[in-house]
Amino acid sequence: MQRSLSFEIFRYTAIALFLALSLIPTAWMLSMAFKPIAEWQSSGVDLTWWPNNPTLDNFRFIFGHSSSDLIVALDRTAGRPILASLLSASFGTAIAMTAGTAAAYGLSRFGFGGNLPLALIQLRLFPPMAVMIPVMIMWAFLGLIDTWWGLALIYGIVTLPFAFWLMKTFFDDMPREIEDAALVEGCSRWRVFLRVTLPMMRPALASSALFVFILNWSDYLIALLLTTRDWVTIPVYMASLSSSMTGQLYGAKAALGLIAAVPPVIMGIAIQKQLVRGLTFGALKE
Amino acid sequence: MSTIPRFSRRRFLSVAAQTTALAAVASPLYLRPDRARAADGLAQGMTGGPTGFAGAERYQYGPDTPEGRAIEAAKALKATGKAPERIVLGLSDGSIGQITQPFPEGAPSVKELWEAETGIILDIVGVPNGQEFTKVMQDVSTNGGGFDIYAVEWNRLGDLAETGGIVALDDFVATHKPEWDDPERGYVNGEQGVSLLNGYRGSVYGVSLDGDFQTWNHRTDLFGNADEQKAFADQYGYDLAPPTTWKQHDEIAAFFHRPDQGLFGSTDLRNQGWGYTNWYQRYVSMASPNQFLFADDGTALINSEAGWAATQEYVDSLSHHSPDAISWGWPEQYGNFGNGSAAMTCAFSNLPKFLDNPGNEGSKVTGKVGTHLPPGREHADGNARRTVLWLNLTACVSSQSDHPEAAYLLLQWLGSSRIYSWMTANPGGYFDPFQLANFADPLVRETYHAYHMDVVRESVRRTVPTINYPGATAFHNALDENLMAALTGGMSAEQAMANTERQWQRIARRVGEDKLIDAIKANKAAWPTLMDPIAS
């Protein structure tokens, strides 16, 4: 079908506008991360889109306690919070994906746990904050407060419904005949799952894992409540980047934000091929 | 990538210490027989305290002082095995430096001194600024037992006491005699001040570690500029000077408000959770000597002409503030003022310490900051100039602490006038002066500036306490939410006050009106009665 020129112009203009709106915050963060204090502390009339005097000072500051321009010094650097975020988000994702995938497969293929979907979705019917007081009491009793494994466990629990529902949709859409063929050939059910189903589900696993990881990686509230000192995560640490001498440390926050954006972006790029397939998985029914 | 700082806080402290030392040499105040001894060790008759810098003897103590008694009692506990290995103190991130960083040069840190004198480790757990109460309630509600001492906003004491999260300290106070009401060195307003800051319904529950009397600042370069003075006088018909009334304040703010030049007329804290403190100042000055929040029988008084007018004025004042004022907490406010982008601002009393500071190379207002008493309203018997006490960190002992007496002794030592003066002079944190000894201390006056200390001391006499009754958090949340709705145009000033009144009535019923009336009366006793003369 031949589209009119005016439609094409409209389409590309809309795409360009949408892209600009989406990317402006990222571009601003990128710009702020490389601005010296005099430029990011500006009150408005002197603000520039791009740094006039690009510097790495903001990165030096968050990793080295201090920088040449800032009089304030940090009591703790960003290294440990980055590690805390990596460990808790990664293991939380692993927990959610392992349990979610297994539960989704069981339900999709054998109908185990008839009320399981409803039970799991109940976890998402109210905000996580609503259950945080009992969770805090349990975590304190179990000695899991301010530990990365305690945080990973709650992340795994909170994001389990997402993993389950995403994976169930994918399993439902996968033709059972392929598994049946492998069974006829003599494969055990476990071997079919490992050697046939999971490899075919790779795109689905990749897109679900990325989604779950981003949810865990960007959490603020749960980490604020369940950590105190040793294992605060990036978002909690970022909230502490302010000082009486300078006000909000926007440059340092932007530098940390830029670093925080790296793992999801790398993960996205690494699984890009799978991701595209995963997002369209099951779009067409036979 | 080099990590060597060209000007770090450490260097700033060093420069500050050198300046102090030079001033000490030049000042006859320091020419005392025990000065040489103080530089090396304790002065004669002293049993403890910091050493290693000129003037250290001012912060040393003998056996018959609150600090000396606290140390001796802590040592006795240690000797009998009744003291803990460590005391865990939960403290806002920004305040930790004053305890852990040595000041001035040659001195130990406050933490080092406590540990050296008692053998008890002081373990400080940082809490994000603004999250102090959240963290405390988390520890209380989960029985986490993570802290021996909480440091929270002063008016949370009632709520924490009512939930059983903190212990009454009366027995420890009777035993160890902190002398907080000492007329020479203690709290402003003596016993009344102690009751206000540390007490709740007749018992001591906390030890004040702060002096957050909201204080007004202005730019001396703008107010002293001949062209500005002439232009202002031509426009308004009176001389440009720090305002004494709210009417003058609004006119001066409007005069200086030049957003196209990066200058706002007057700024303050405005975001949710912080902003309502600036509504207070406008409201309480509506009557002489004060426009109270509640009548003696517990009836809320805000849904009135006074409440509507104060709220409308508060909303209208956005016209000389930043366009994003309602997102402003202190970091935005301090950053803006330090950047030279406001003519006036109402802030915590430490603003000149941080921003009128040669060590702060990023500040554009060093040498250009003046402070003044709060604006007021003229009544038949004078000008009611009022400010407000808020946030003010007060430390209290957790009911989950296994060693409450040792925890209290640390607080008695920290919060007594000698150690507190030394600690508050340290530019590394947010503990601000509030005791008579602090205001007069040379090192404190140097850090905070002499011009400012006198204004703070006078502001204290005009300070209204915020709500500290049981349910304080709920009362303030209700007020805060309705004020924010008025600021954003979601409701009128009248609606905001009517809603707040309704919510306050519900909270009062829930808390228990009898309990509330007692607390209201105790709170009212601390309100100022001072009226300033009306300018002719």
Side-chain angles (χ1 to χ4, degrees), chain A residues 36-38 40-47 56-57 59-61 63-77 132-141 143 145-146 220-221 224-230 232 236-250 253, chain B residues 1-12 90 93-94 96-97 100 125-131 134-135 138-139 141-146 259-264 322 329-342 348 350-351 353-355 357 359-363 429-430:
Chain A
I37 180 170
W40 57 252
Q41 206 187 24
S42 179
S43 60
V45 286
D46 311 320
L47 281 177
L56 290 174
D57 257 1
F59 295 91
R60 284 192 198 106
F61 181 65
F63 285 111
H65 291 280
S66 56
S67 80
S68 55
D69 283 343
L70 280 164
I71 185 171
V72 292
L74 291 170
D75 291 324
R76 53 191 175 192
T77 64
M132 278 316 289
I133 293 288
V135 167
M136 285 192 294
I137 293 170
M138 284 190 287
W139 259 234
F141 178 76
I145 297 282
D146 204 22
Y220 172 73
L221 216 48
L224 176 70
L225 293 171
L226 295 183
T227 60
T228 53
R229 173 172 52 181
D230 293 336
V232 296
V236 178
Y237 175 74
M238 191 183 285
S240 71
L241 291 175
S242 60
S243 90
S244 308
M245 299 269 188
T246 57
Q248 293 285 10
L249 295 164
Y250 292 118
K253 287 186 177 198
Chain B
M1 187 189 302
S2 169
T3 57
I4 301 170
R6 273 186 287 159
F7 201 100
S8 65
R9 171 170 284 187
R10 184 180 294 275
R11 192 170 155 212
F12 165 69
D93 282 324
I96 294 173
T100 57
V125 177
V127 176
N129 297 314
Q131 298 294 339
T134 308
K135 283 289 178 188
Q138 178 186 339
D139 196 62
S141 59
T142 62
N143 286 324
D260 54 330
Q261 298 169 31
L263 184 68
F264 301 131
S322 167
W330 66 260
E332 288 78 13
Q333 178 192 28
Y334 279 44
N336 171 273
F337 198 76
N339 198 40
S341 301
F348 293 111
N350 58 27
L351 183 137
K353 169 171 90 167
F354 294 119
L355 301 182
N357 180 339
N360 184 356
E361 291 175 340
S363 174
Y430 304 151

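Per chain, numbering begins at 1; letters A, B, ... match sequence-line order.
Heavy atoms of Tyr250(A) lying under 4.5 Å from chain B belong exclusively to its side chain. Residue contact with chain A, scored on non-hydrogen atoms closer than 4.5 Å, is absent for Gln333(B). Of the atoms belonging to Ser141(B), heavy atoms from both backbone and side chain fall under 4.5 Å from chain A. Only the side chain of Tyr430(B) comes within contact range of chain A, with heavy atoms under 4.5 Å apart.
Here the closest non-hydrogen pair linking Ile133(A) and Thr142(B) is O-CG2, 4.3 Å. In this structure, Gln138(B) and Ile145(A) approach most closely via the heavy-atom pair NE2-CD1, 4.4 Å.
Asp139(B) CG to Met136(A) CE: the interatomic distance, rounded to the nearest 0.5 Å, is 10.0 Å. Here the straight-line distance linking atom CD of Gln131(B) with atom OG1 of Thr228(A) works out to 13.5 Å at 0.5 Å rounding.
Across Pro331(B), Gly338(B), Gly335(B), the residue that shares the most heavy-atom pairs under 4.5 angstrom with chain A is Pro331(B).
Put simply, the side chain of Asp93(B) reaches to within 4.5 Å of the side chain of Arg76(A), judged on heavy atoms. Between Trp330(B) and Ser242(A), some side-chain heavy-atom pair lies under the 4.5 Å cut-off.
Summarising the local packing, CZ of Phe141(A) is surrounded by 12 or fewer heavy atoms from other residues, nucleotides or ligands at distances under 6.0 Å.
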